[in-house]
Every structure is written in C-alpha cells, then in structure tokens.
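In what follows, a single structure is set out as structure tokens and then discussed.
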Amino acid sequence: MVLESKELVWCMAGMPGVDISKRVPIRDLFERGEVGREYVVAGWVDAVRVHGGIVFVVLRDRSGRVQLVVKKNVSREAWQKARDLSLESVVVAKGRLVESKAALGGRELQVTELEVLAEADPLPIDIHEPEKTVLAKRLDWRFLDLRNPRNQLIFLVEAEMARAARQWFIEHGFVEIFTPKIVGSATEGGAEVFTVIYFDKPAYLAQSPQLYKQMGVIAGFEKVFEIGPAFRAEPHHTTRHLTEYTSIDFEMGFIKSYEDVMDVVEGVVKAMIEAAIRKYGDVIREYFPDAWLEPVKEVPRIDIAEVKQLLAKKGKILSPEEDLDTEAERMIGEIVLEEYGSPLVFVKRYPWNARPFYTMPCTCAVEGAQYPECCRDLRPDTPTCSFDLLFRGLEIATGGQRQHNPQCLVEQIKQKGLNPENFKWYIDMFRFGAPPHGGAGIGLERVVMQLLGLKNIREARLVPRDPERLIP
RNA sequence: GCCGCGGUAGUAUAGCCCGGCCCAGUAUGCGGGCCUGUCAAGCCCGUGACCCGGGUUCAAAUCCCGGCCGCGGCGCCA
C-alpha cells in the first residue's frame with residue numbers, strides 16, 4: 001500500500017504531539033505514582049490560573065483532579081498554550097510528578113509538553129457550582145452539568161444500585177426477562193398511556209411490565225425479573241414524577257402469601273442501599289449532606305388500618321377505603337423512623353378501592369376460600385394482599401399477590417368497570433394452570449433520590465422526561 | 001388535570017406593588033492588560049439583558065389580555 005497524505009500517516013501512527021496511549025488515570029498519580037517520573041495525563045480543563053510566567057491548570061478526568069504547573073522558562077510553547085486555555089477544553093499533557101506542599105493532594109505535574117485536543121467555547125452554565133443554575137437550565141446543558149463530580153456521582157450510585165439488584169435476583173434464582181415496551185392494550189385500563197402509531201394501528205408504550213412478567217411465571221420460569229423503562233402519560237408537575245422511568249420489576253410463583261413477596265422486596269432494596277453505601281458512602285457524605293447512609297435493619301410491616309390509627313392520633317383522619325395521600329406518607333415515614341428507627345416501612349392490606357383489578361383480595365387468600373365466591377362482592381374497603389414500600393416518606397415500591405383464578409379475574413375486571421373482552425389474552429393465561437404468585441415494582445430513580453436526599457427526581461434521571469421536556 | 005407563583009446580559013439576581021429619576025444596578029462569566037506559587041488567585045479596563053404577541057398611556061422592564069416556558073403544591077403514582 002502506498003501512503004500518500006500526511007493525514008493518512010497520522011491515522012496509522014496516531015496524532016502528533018503527546019502520546020495519548022501512555023495516558024494514566026489522574027488518581028494513579030496520587031495512589032501509585034513515583035515522584036520524579038514522567039507521566040501523561042488527559043482530561044478536561046477544570047481551572048486556569050495565569051500568573052504571568054507561570055500558569056496553573058487544574059486537569060480533571062473521571063478519576064480525579066491534578067494541578068499542572070506550566071512554566072515559561074521550562075517550555076515556552078506549553079506555557080503559551082496553557083495561558084490561552086478555555087475552561088472544559090480537552091488537553092493531554094506530559095510532565096514530571098513532583099511533591100508540592102502548596103498543591104492540592106500534595107503532588108503536581110511539572111509540564112513539559114501540552115496539546116489541546118479540543119477547544120471549548122465559553123460555558124453556558126456554571127459547572128463548578130450547580131446550585132447556582134436552575135435545574136431546568138442545567139438539564140438543557142445536561143452533558144456539561146454531568147461533568148460536575150457531584151452530579152456524576154448520582155449516576156454512579158444509580159448504576160451500582162441497579163447492579164446490586166440484578167445480582168440479588170440472579171443469586172436468588174430469578175431469571176432476567178425482557179418484555180415488550182410497545183403494547184396493544186393498556187395494562188390497567190387507565191388513560192395514562194402514551195399512544196404511538198404502530199404501522200396502521202394504534203398502540204401504547206408500556207406503563208408497566210405487569211402482565212408480561214406474570215406471563216413469565218405462568219410460562220414456567222417461576223421467578224422472573226426485569227430492569228427496564230416504564231412510561232406514564234400523567235401530566236404531573238411534581239418533584240417526584242417522571243413520564244419515563246426505570247422500573248425494577250419481579251414476579252414469583254408458588255408463594256404462600258404476599259409476605260413472601262415483601263421478603264424479596266426487602267432483600268433487594270436492602271442490597272441496593274448497602275451496595276451504594278459500601279461503594280460510595282464516603283463520597284456521598286461529601287456531596288450529599290441529606291443522604292441516608294446508615295445500614296437498614298428489619299423493615300416494619302404495618303396494616304394500613306393501623307397506619308390510619310397512628311395518623312389519627314396525630315390529627316390526620318382518613319376513611320377506611322382511602323389511599324394514603326402525600327402528607328400521610330410523609331407523616332408515617334417520620335413516625336416509623338422515630339418508633340422503629342427504620343427509614344423503610346411496608347404499608348400492607350390496601351383497600352380494594354385503591355388497587356388495580358389483578359390484585360388478590362384477602363377474601364380469596366384465606367384457607368378454604370371458595371372460588372369464585374370469594375371475590376363476588378368486593379367492597380371499596382375490602383382488604384387486599386398488597387403493599388407499598390415507603391423510603392423516607394416516599395413510595396418507592398408497590399406490590400402484592402395477584403389473582404390467579406380466571407373466574408375471579410373476570411369478576412374483578414368487571415367490578416373495576418373494565419371490559420373483560422379487552423383482556424382476553426391475559427385471562428387466557430390463567431385457564432391452563434397458573435400457580436399462586438405475586439410480585440412488585442420498584443422505582444429506581446426514587447430509591448436513588450431518597451437515598452441521596454435529592455429534592456427533585458429529575459436529578460436522578462440522566463435525561464429526564466416530564467410533561468414539558470422532550471429535548472434534549 | 002386543578003390551584004398558586006414566576007420569566008431582566010452566558011449564568012444567578014436587583015428594579016415591578018406606587019409607570020417617567022433605568023439608553024436598567026450587582027455578582028460571576030467572557031474579552032484586554034499587569035503579575036513565577038496560585039488554588040472560587042488578585043488588581044485595573046471593557047463587554048453584554050427587560051420571553052413572544054396584542055392592548056392602555058404623552059410615556060411600559062413596571063399596568064391589562066393571550067401564548068409559550070419555568071417553579072411549587074395537590075390529585076395520582078414508581
């Protein structure tokens with residue numbers, strides 16, 4: 001082959017200048033770097049301080065920050081480039097590692113060569129102090145916002161929690177499944193689904209993998225889980241709702257009661273919280289003063305009727321068929337923290353009125369229950385085998401036992417005012433041997449939000465979607 | 001979806017109630033200058049803005065209407 005152009009030679013041999021393949025992570029300079037040796041580092045320009053013949057450049061990569069010292073009398077060429085650097089430009093530098101009492105971390109790099117790989121325009125937001133810019137504006141420039149270590153940490157924590165959940169499920173015999181997100185019928189019959197055009201038919205974005213994970217159990221996998229997106233077309237303007245979020249879902253067969261399901265939720269959520277604290281506890285403490293960083297002991301499980309009694313003592317009156325409202329959830333979070341020392345609490349036996357059609361009513365889950373009479377005339381306040389999990393006063397998970405008797409299912413669909421015709425394929429699943437089963441869904445961003453003490457769930461979503469925001 | 005509050009330089013804000021003293025103040029950024037040990041560097045000089053549309057008025061950043069967007073609360077929810 002004949003090489004004709006200079007560019008082609010560079011392509012084969014690499015760019016001219018400092019050899020980026022010799023690059024070491026900045027943290028290594030402090031942890032195992034030898035003083036006196038030469039190193040190559042590369043990253044973003046975090047700060048530039050020009051003092052005439054000496055320029056200090058703080059360089060940042062994902063592992064940390066180091067001060068580069070660029071002196072005119074060492075390399076005039078490097079010094080000239082350094083004094084013209086704009087913040088967040090990408091540079092690669094070669095220099096000698098030296099001890100310095102004045103430098104952050106006690107070491108700095110005396111630069112001999114400096115290359116600018118990509119110049120940055122003036123920044124539209126202050127990335128050093130995110131709180132100086134409103135969240136909406138930060139989200140417009142999310143890729144810059146995330147260069148801040150605090151903001152990046154949120155997603156390192158999120159990744160670790162998702163990893164811990166996945167590991168917990170696998171270790172406990174759950175099979176990971178991947179269910180459709182384009183669906184032909186709305187799961188729970190509500191209006192809160194996004195419509196999409198699927199060739200010539202209307203279709204919807206899945207608001208939950210609910211019916212499909214049940215299919216997984218009934219299909220014979222017995223225990224399944226999925227970590228995937230869920231879509232809700234509800235125009236909430238709140239600090240805890242997204243229209244697109246990550247749901248950690250599982251479903252398990254051959255359960256004795258919904259207590260078995262709560263055992264799993266408790267196991268998974270504890271594993272997530274412990275993993276985050278183990279891996280990032282110290283850094284979290286540094287950036288998030290409101291974070292929950294204590295190990296979680298046993299999680300109390302309280303009847304909603306009992307919860308309402310506790311609330312009544314504090315002056316909050318709720319009727320038997322009512323769900324807990326926002327204030328009630330916050331209050332019960334405080335009460336449980338005080339009485340049990342737990343940031344987590346299960347509230348169980350929600351009334352039929354407050355639960356979807358597929359929920360197992362307690363009238364069907366008692367010994368000797370007669371199908372389908374047990375579900376015939378459910379009252380609004382009939383207790384169901386269901387629960388919510390609250391973390392620091394916010395709902396982070398919902399679950400329960402599911403109705404697995406096809407006749408009762410039809411009955412319950414009707415009682416919710418829905419048309420059984422629309423759920424034919426779903427009901428059919430229960431006509432060929434469906435074991436007693438249950439499951440739950442955990443909102444990943446909400447867990448992260450509550451652990452770190454974030455004020456807005458949008459911070460816990462890489463690129464959040466809310467009723468207004470579609471870009472970026 | 002309902003209720004309330006808001007939209008001023010790249011960013012964050014003052015001014016708005018009580019229209020003219022505002023060709024809009026401050027901080028930071030940005031541009032230029034001085035500076036060889038700074039670390040939110042400092043000092044000097046400069047630059048840059050009233051969300052869009054309509055209305056009231058001699059006069060609108062300021063008052064009124066509509067739109068778009070943002071923030072918070074609620075319902076609801078993960």
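Here is the naming used below: chain letters follow the sequence lines, and residue numbers restart at 1 for every chain. Predicted, not measured: the structure shown is a model, and the values here were computed from it.
Residue A/Phe56 and nucleotide B/rG37 are not classified as a stacked aromatic pair, given the requirement of ring centres less than 5.5 Å apart at an interplanar angle below 30°. The aromatic ring of A/His128 does not sit over the base of B/rA40; the criterion of centres under 5.5 Å apart with planes under 30° is not met.
B/rC43 is paired with B/rG33 under the Watson-Crick or G-U wobble criterion, all donor-acceptor distances under 3.5 Å. B/rC23 makes up no base pair with any nucleotide shown, lacking Watson-Crick or G-U wobble contacts both under 3.5 Å. Judged by Watson-Crick or G-U wobble contacts below 3.5 Å, the nucleotide B/rG72 has B/rC3 as its partner. Partner assigned to B/rA14 is none, using Watson-Crick or G-U wobble distances below 3.5 angstrom. Judged by Watson-Crick or G-U wobble contacts below 3.5 Å, the nucleotide B/rU57 has no partner.
Under 3.5 Å, the side chain of A/His236 and the base of B/rC76 form at least one donor-acceptor pair of N or O atoms. Applying the 3.5 Å distance criterion, the base of B/rC77 shares a donor-acceptor pair with the side chain of A/Arg446.
Residue whose closest nucleotide on RNA chain B sits further toward the 5' end, between A/Ile54 and A/Trp141: A/Trp141. Mapping A/Lys71 and A/Ser247 onto RNA chain B by nearest heavy atom places A/Lys71 at the nucleotide closer to the 5' end.
The distance between atom CG of A/Leu87 and atom C1' of B/rC39, rounded to the nearest whole Å, is 14 Å. Atom-to-atom, CG of A/Leu68 to P of B/rU36 comes out at 19 Å; the value is rounded to the nearest Å.
Checked for salt-bridge contact, A/Asp466 and A/Arg461 miss the test: no charged N lies under 4.0 Å from a carboxylate O. Residues A/Asp61 and A/Arg27 are not paired through a salt bridge, judged by the lack of any N-O separation under 4.0 Å between the basic side chain and the carboxylate. Salt-bridge annotation for A/Arg330 and A/Asp325: absent, with no side-chain N of the basic residue lying under 4.0 Å from a carboxylate O of the acidic one.
Note on A/Glu329: a base of the nucleic acid sits closer than 4.0 angstrom, heavy atoms only. No engagement by A/Glu327 is indicated, since no non-hydrogen atom pair under 4.0 Å with the nucleic acid exists. Here A/Asp140 lies out of heavy-atom contact (under 4.0 Å) with every strand. At a threshold of 4.0 angstrom between heavy atoms, the contacts of A/Gln67 include nucleobase atoms, whether or not backbone atoms are also involved. Among the protein residues, A/Leu242 comes within range of the nucleic acid bases, having at least one heavy atom under 4.0 Å from a base atom. Base engagement by A/Thr326 is indicated by at least one non-hydrogen atom pair under 4.0 Å involving a base atom. Within the 4.0 angstrom heavy-atom criterion, no nucleotide atom of any strand lies near A/Ser86. Among the heavy atoms of the strands lying under 4.0 Å from A/Val50 is at least one base atom, whether or not backbone atoms are also near. Residue A/Asp388 is out of contact with every strand shown, counting any heavy-atom pair closer than 4.0 Å. Using a 4.0 Å heavy-atom cutoff across all strands shown, A/Ile396 reaches sugar-phosphate atoms only and no base atom. Looking at heavy-atom distances under 4.0 Å, A/Gln110 makes contact with a base.
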Check your understanding: Taking it one step at a time, do A/Phe225 and A/Phe169 satisfy ring-ring contact (aromatic ring centres under 6.0 Å, His included)?
Key -> CA-CA 7 Å; A/Phe225 79 98; A/Phe169 280 125; 4.6 Å; yes
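Evaluated for a side chain to side chain contact (heavy atoms under 4.5 Å, CB included) with A/Leu146, the options A/Ile154, A/Val463, A/Leu462 yield exactly one hit, A/Leu462.
With a 4.5 Å cut-off on side-chain heavy atoms, A/Leu135 and A/Glu459 count as touching.
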